[in-house]
Amino acid sequence: MSKRTSIALIDANNFFVSCERLFRPELVKRPVIVLSSNDGCVVSRSEEAKALGITMGVPYFKVRDLCDRHGVVAFSSNFDLYRDLSRRVMSVIRRFSDSVEVYSVDEAFAEVDVSPVYYEDFAVALRDEVMHVTGIPVAVGIAPTKTLAKVATHFAKPKRGGSGAHVFVQPADWLPMLEHVSVGDVWGVGYRLTPKLEAKGITTAGGLTRQDDRWIRKHMSVCGLRTVYELRGVRCFALGEEPELRKSLLHSQSFGRAAADKSTVHAAVSYHARKVAEVLRAEGAQARSVYVTIRTGRHGRERYSAFDGDTLPLATNDTLDIVGTASQVLERIFKPGVRYAKAGVLVRDIVPVGLQPQRTLFGETTRSRTTLMEALDELRHRFGDRIHIGSEKVGMSETEHWRAKHDRLSPRYTTRWSDIRTVGAGSA
DNA sequence: TCTGGGGTCCTAGGACCC
DNA sequence: TCTGGGGTCCTAGGACCC
């Protein structure tokens, strides 16, 4: 007898806002938003903020007046806090399932290993336990495929009148619901395909399931075909296995102010290269290809962007190697007279440490600096991100004006001793 | 003045080889 | 010298996700 399992999707409600509210309970029921890096765009909104018409991804400056008028509380992104709370939510989910795929900071898929008659109970218990342990509200959807689990979660959300749990077992459960899902809301149908589908008269997820396979394959590639199969209940996307080694790693940031001088851009590139090396070491990985990306703002009259890289003879996670390579690439692609607004460093061809000989043809060994890097990492853990390399500094008088602004940052309540909240007990 | 950061996969086309 | 099929590998670009 084959046991049919289903997939649960656990999705935190307005995650970043929920994290901020956890430590500022007086903000519950008030409009709250969280901004992206550089306080650029709105990336998370409370229901009250959504009701004011603040849309996802809107530039903050466009809604600042509206926010001021309605007393909307705006936070800069506090990723240390969100990452830590995410970790706690995921650990609760793992108590409910042996097979969990962390899909993003605020979402996870989990295998549901109970009989379908208990799906509803499972979803409700999971929702309540996450709330009880972490204080983060989540919605749980259960269905035979990932794409349908996304739809189920959609209907579980409080803003759609859901209770935080929604379950699809039979096609009769989901087929009528698909008529009420816009085709653009389907997981895997983005802003490019949506107008094409609508032009063909396909406006809902239900319409998509009735479409001819050959037409889908031709116009949406195999990716689209898989999505359509999943909506019909045929599983095409397996639950993610072990966290494989990542394929690429990017560290980048928009500048607080645009910069034209090479030393400033070089400082930013050096910083991102160092951060990339640190992440590689933390993950026990090395990379062979180092790329640099620099560009102007995307909205001004002046537009320039460049992306290029070098491949090293040996994979490395050494800060000085990666910074040095990135600096050489920057020399090639830097164009004088351009006002740059963003820089980043990306590495590819990532392998686990120890998978290659530590010696080149010429007998150079990369081992010699390993101890130095270990010492740097140790210093960083003890004293924070204060150890820089020389090229990150622009000059004595120059402030680091490429660094992003985050004027509305909340304290790092859970990851920094100095930011831990003090709670008074007894007399007030 | 002010528009994020970090990923994945697929496909077409070119280089190169037999 | 020219022609051509067929395979592999790499890369850039497109589309999607959060």
Side-chain angles (χ1 to χ4, degrees), chain A residues 9-12 14-16 33-44 55-65 67 74-79 82-83 86 101-109 146-147 150 153 183-197 217-227 230 236-238 240 243-258 268 272 275-276 279 288-289 291 293 295-300 303 305-309 311 339 341-350 401 403-408:
Chain A
L9 172 66
I10 303 93
D11 189 331
N14 314 328
F15 182 57
F16 297 171
I33 58 174
V34 175
L35 306 173
S36 64
S37 164
N38 247 327
D39 295 345
C41 299
V42 175
V43 290
S44 184
T55 53
M56 185 66 177
V58 67
Y60 181 46
F61 73 90
K62 285 190 179 173
V63 291
R64 181 171 282 165
D65 285 348
C67 289
F75 289 94
S76 301
S77 284
N78 187 342
F79 276 101
Y82 311 150
R83 258 193 298 269
S86 172
E101 176 192 351
V102 176
Y103 184 68
S104 74
V105 71
D106 68 340
E107 265 179 75
F109 291 103
K146 282 182 165 182
T147 308
K150 279 273 188 182
T153 306
V183 74
D185 286 341
V186 172
W187 190 48
V189 179
Y191 76 107
R192 306 301 289 243
L193 282 171
T194 303
K196 272 175 75 175
L197 292 169
R217 174 68 181 81
K218 181 151 181 274
H219 294 91
M220 300 172 68
S221 92
V222 295
C223 307
L225 195 55
R226 286 182 193 138
T227 294
E230 286 242 319
C236 297
F237 304 128
E244 302 139 30
L245 216 55
R246 60 163 87 240
K247 305 262 164 76
S248 66
L249 169 64
L250 171 71
H251 208 280
S252 70
Q253 200 166 52
S254 300
F255 296 167
R257 283 205 317 268
H272 294 306
K275 298 302 274 186
V276 161
V279 174
R288 273 194 73 194
S289 300
Y291 296 81
T293 164
R295 65 167 168 80
T296 58
R298 286 178 301 163
H299 303 275
R303 306 278 175 86
S305 71
F307 176 79
D308 201 4
T311 298
R339 297 180 70 246
K342 184 174 180 176
V345 171
L346 178 140
V347 289
R348 285 176 38 193
D349 303 324
I350 296 173
H401 71 242
R403 288 201 177 263
K405 291 191 287 267
H406 44 76
D407 297 335
R408 299 155 180 277

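Here the structure is a predicted model, which means the values were calculated and not measured. Letters go in sequence order (proteins before strands), and every chain restarts at 1.
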**Message:** Please report the distance, rounded to the nearest Å, between CZ in A/Phe16 and P in C/dC18.
**Reply:** 13 Å
**Complete:** Rounded to the nearest 0.5 Å, the CG atom of A/Asp185 sits from the OG1 atom of A/Thr194 at a distance of 8.5 Å
**Request:** Compare side-chain N and O positions of A/Lys342 against OP1 and OP2 of B/dT3 and report whether any pair is under 4.0 Å apart.
**Result:** no
**Message:** Expressed as a whole number of angstroms, how long is the span from A/Leu35:CG to B/dG5:P?
**Reply:** 13 Å
**Asked** Between A/Tyr60 (OH) and B/dT1 (P), how many Å, whole number?
**Response** 18 Å
**Request:** Have a look at A/Asp39 and say if it touches a base, only the backbone sugar-phosphate, or nothing, with a 4.0 Å heavy-atom cut-off.
**Result:** nothing
**Request:** Report the distance from atom CZ of A/Phe15 to atom C1' of B/dG5, rounded to the nearest whole Å.
**Result:** 16 Å
**Prompt:** Between A/His251 and A/Arg226, which has a closest nucleotide on DNA chain B that is more 5'?
**Reply:** A/His251
**Message:** Between P on B/dG6 and CG on A/Leu250, what's the gap in Å once rounded to a whole number?
**Reply:** 5 Å
**Item:** Closest non-hydrogen atom pair, A/Tyr60 against A/Cys67
**Value:** CE1-SG, 4.2 Å
**Request:** With rounding to the nearest 0.5 Å, note down the distance linking OG in A/Ser289 to CG in A/Asp349.
**Result:** 3.5 Å
**Request:** Output the distance between atom NZ (A/Lys150) and atom CD (A/Glu230), rounded to the nearest 0.5 Å.
**Result:** 12.0 Å
**Asked** Whole Å only: how far is the CZ atom of A/Phe255 from the C1' atom of B/dT1?
**Response** 18 Å
**Prompt:** Contact class for A/Val222 vs. all strands (heavy atom < 4.0 Å): base, sugar-phosphate, or nothing?
**Reply:** sugar-phosphate
**Asked** Does the side chain of A/Ser252 get closer than 4.0 angstrom to OP1 or OP2 of B/dG6 through an N or O atom?
**Response** yes
**Asked** Relative to the ring of A/His272, is the ring of A/His251 parallel (under 30°), tilted (30 to 60°) or perpendicular (over 60°)?
**Response** tilted
**Message:** Tell me the interatomic distance from A/Asp11, atom CG, to C/dC18, atom P, rounded to whole angstroms.
**Reply:** 9 Å
**Item:** Protein-to-nucleotide contact annotation, 5' to 3' order, nucleotides 7-17 of chain C [B base; S sugar-phosphate only; - none; under 4.0 Å, heavy atom]
**Value:** --------SSS
**Prompt:** What nucleic acid atoms does A/Arg217 come within less than 4.0 Å of, heavy atoms only: base, sugar-phosphate, or nothing?
**Reply:** sugar-phosphate
**Message:** Counting only heavy atoms from other residues, nucleotides and ligands, does the tally under 6.0 Å from CZ of A/Arg339 exceed 12?
**Reply:** no
**Message:** Below 30° counts as parallel, above 60° as perpendicular, anything between as tilted: where do the rings of A/Trp187 and A/Tyr103 land?
**Reply:** perpendicular
**Request:** Can you measure from NZ (A/Lys62) to SG (A/Cys41) and round to the nearest 0.5 angstrom?
**Result:** 9.5 Å
**Prompt:** C1' atom, C/dG4 versus B/dC17: distance in rounded Å?
**Reply:** 14 Å
**Message:** Defining pairs by Watson-Crick or G-U wobble geometry with both distances under 3.5 Å, how would you list the stems of DNA chain B with at least three pairs each?
**Reply:** B:5-18 with C:5-18
**Asked** Under 4.0 Å: is that the gap between some side-chain N or O of A/Ser254 and OP1 or OP2 of B/dG5?
**Response** yes
**Asked** Atom CG of A/Asn78 and atom C1' of B/dG5: how far apart are they, to the nearest Å?
**Response** 15 Å
